[in-house]
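These notes are about the structure you will find just below.
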Amino acid sequence: MIDCIFCKIVAGAIPSKKVYEDDHLFAFHDIQPAAPVHVLIIPKVHVASLADCNASHLEDLGRILLAAPNIAAESGLTDGFRTIINTGKGGGQEVFHIHAHILGGAQLRPLVDCVASA
Ligand code: 5GP
Ligand code: ZN
């Protein structure tokens with residue numbers, strides 16, 4: 001198995017709090033939530049980041065975005081949510097298996113405060 005935390009979560013080798021699974025996607029609670037509800041949606045097939053995607057990933061990318069509102073609603077986010085995909089080190093990506101963050105459960109700030117301090 002590829003040495004990837006999220007591939008291991010999909011395989012059940014690392015436990016997670018699963019919120020959704022189908023043939024192509026897996027969604028689970030973030031271990032360090034940045035909002036009252038913080039879920040990660042990942043494709044089961046490993047791809048490191050958005051920058052590594054090609055046409056073969058088109059369907060999984062679409063599936064992630066189409067699943068997001070349903071997974072958010074099932075997680076109690078009836079009043080809206082934020083979707084974030086960090087890409088690459090400069091984009092704040094820490095786990096290199098593409099994932100969409102679904103954040104909500106409180107009023108989220110506008111995205112004016114996202115540059116890391118030195
Ligand atoms: P990134 O910064 O790559 O966009 O986001 C990675 C996210 O994965 C972080 O929010 C981090 O808390 C979460 N994370 C890292 N390791 C684990 C883990 O083992 N289990 C779960 N559930 N989340 C993880
Ligand atoms: Zn992976």
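First listed ligand is number 1; within each ligand, the first listed atom is number 1.
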Exercise. Is there a donor-acceptor pair under 3.5 Å between the side chain of Ser49 and the backbone N or O of Ala51?
Worked result: yes
Exercise. Looking at Arg82 and Leu108, what are the two nearest heavy atoms and their distance?
Worked result: CB-CD1, 3.4 Å
Exercise. By number and element, which atoms of ligand 1 are closer than 4.0 Å to a non-hydrogen atom of Ile5?
Worked result: 19 (O)
For this session: Could you pull out the closest heavy-atom pair between His97 and Pro43, with the gap in Å?
Result: NE2-O, 2.8 Å
Seminar exercise, completed: min-distance protein heavy atom vs atom 10 (O) of ligand 1 -> Asp30 OD2, 2.5 Å
Seminar exercise, completed: A student checking ligand 1 against Phe28 at a 4.0 Å heavy-atom cut-off should list atoms 21 (C), 22 (N)
Exercise. Is the backbone of Asp22 close enough, under 3.5 Å, to the side chain of Lys44 for a donor and an acceptor to pair up by distance?
Worked result: yes
For this session: Looking only at protein heavy atoms, identify the closest one to atom 15 (C) of ligand 1 and say how far it is in Å.
Result: Val95 CG2, 3.9 Å
Exercise. Linking I/L/V/M/F/W/Y whenever any side-chain heavy atoms sit under 4.5 Å apart, do Ile5 and Val10 land together?
Worked result: yes
For this session: State plainly whether one hydrophobic cluster holds both Leu25 and Val19, where clusters connect Ile, Leu, Val, Met, Phe, Trp and Tyr through side-chain heavy atoms under 4.5 angstrom apart.
Result: yes
Problem set entry | Aromatic plane relationship, His38 with His101 - under 30° parallel, 30 to 60° tilted, over 60° perpendicular | tilted
Exercise. For ligand 1, which atoms, with element, lie under 4.0 Å from some heavy atom of Gln32?
Worked result: 12 (O)
Seminar exercise, completed: protein heavy-atom neighbour closest to atom 14 (N) of ligand 1 works out as Ile31 CG2, 3.9 Å
For this session: Considering heavy atoms of the protein only, find what lies nearest to atom 22 (N) of ligand 1 and give residue, atom and distance to 0.1 Å.
Result: His29 O, 2.9 Å
Exercise. By atom name, which N, O or S atom of His46 is the nearest to the Zn ion (ligand 2)?
Worked result: ND1
Exercise. Is a donor on one side and an acceptor on the other found under 3.5 Å between the side chain of Glu59 and the backbone of His24?
Worked result: no
For this session: With ring pair (Phe, Tyr, Trp, His ring centres under 6.0 Å) as the test, would you mind laying out the steps for Phe6 and Phe96 before giving the verdict?
Result: CA-CA 9 Å; Phe6 287 178; Phe96 283 81; over 10 Å; no
For this session: Would you mind running through ligand 1 and noting each atom that sits below 4.0 Å from a heavy atom of Ile9?
Result: 20 (N)
For this session: Would you mind running through ligand 1 and noting each atom that sits below 4.0 Å from a heavy atom of Phe6?
Result: 8 (O)
Problem set entry | Phe96, portion touching ligand 1 at heavy-atom distance under 4.0 Å | neither
Problem set entry | Residue His97 atom name (nearest to the Zn ion (ligand 2); N/O/S) | ND1
For this session: Group every Ile, Leu, Val, Met, Phe, Trp and Tyr by side-chain heavy-atom contacts under 4.5 Å, then state whether Ile98 and Val95 land in the same group.
Result: no
Exercise. Considering only protein heavy atoms, which is closest to atom 3 (O) of ligand 1, and at what distance to one decimal place?
Worked result: Glu94 N, 2.6 Å
Exercise. Which of the atoms of ligand 1 are close to Asn86, meaning less than 4.0 Å from one of its heavy atoms?
Worked result: 1 (P), 2 (O), 4 (O)
Problem set entry | Angle at the Zn ion (ligand 2) (to 10°), with one arm to SG of Cys4 and the other to SG of Cys7 | 120°
Exercise. Heavy-atom contacts under 4.0 Å between His99 and ligand 1: side chain, backbone, both, or neither?
Worked result: side chain
For this session: May I ask whether Lys17 places a heavy atom under 4.0 Å from ligand 1?
Result: no
Exercise. Is the shortest N/O to N/O distance between Gln93 and ligand 1 below 3.5 Å?
Worked result: no
Problem set entry | Closest non-hydrogen atom pair, Phe28 against Ile9 | CE1-CD1, 3.8 Å
For this session: Look only at the side chain of Arg63 and the backbone of Leu58, and say whether a donor-acceptor pair between them is shorter than 3.5 Å.
Result: no
Exercise. Please state which protein non-hydrogen atom is closest to atom 2 (O) of ligand 1 and give its distance, to 0.1 Å?
Worked result: Gly92 O, 2.9 Å
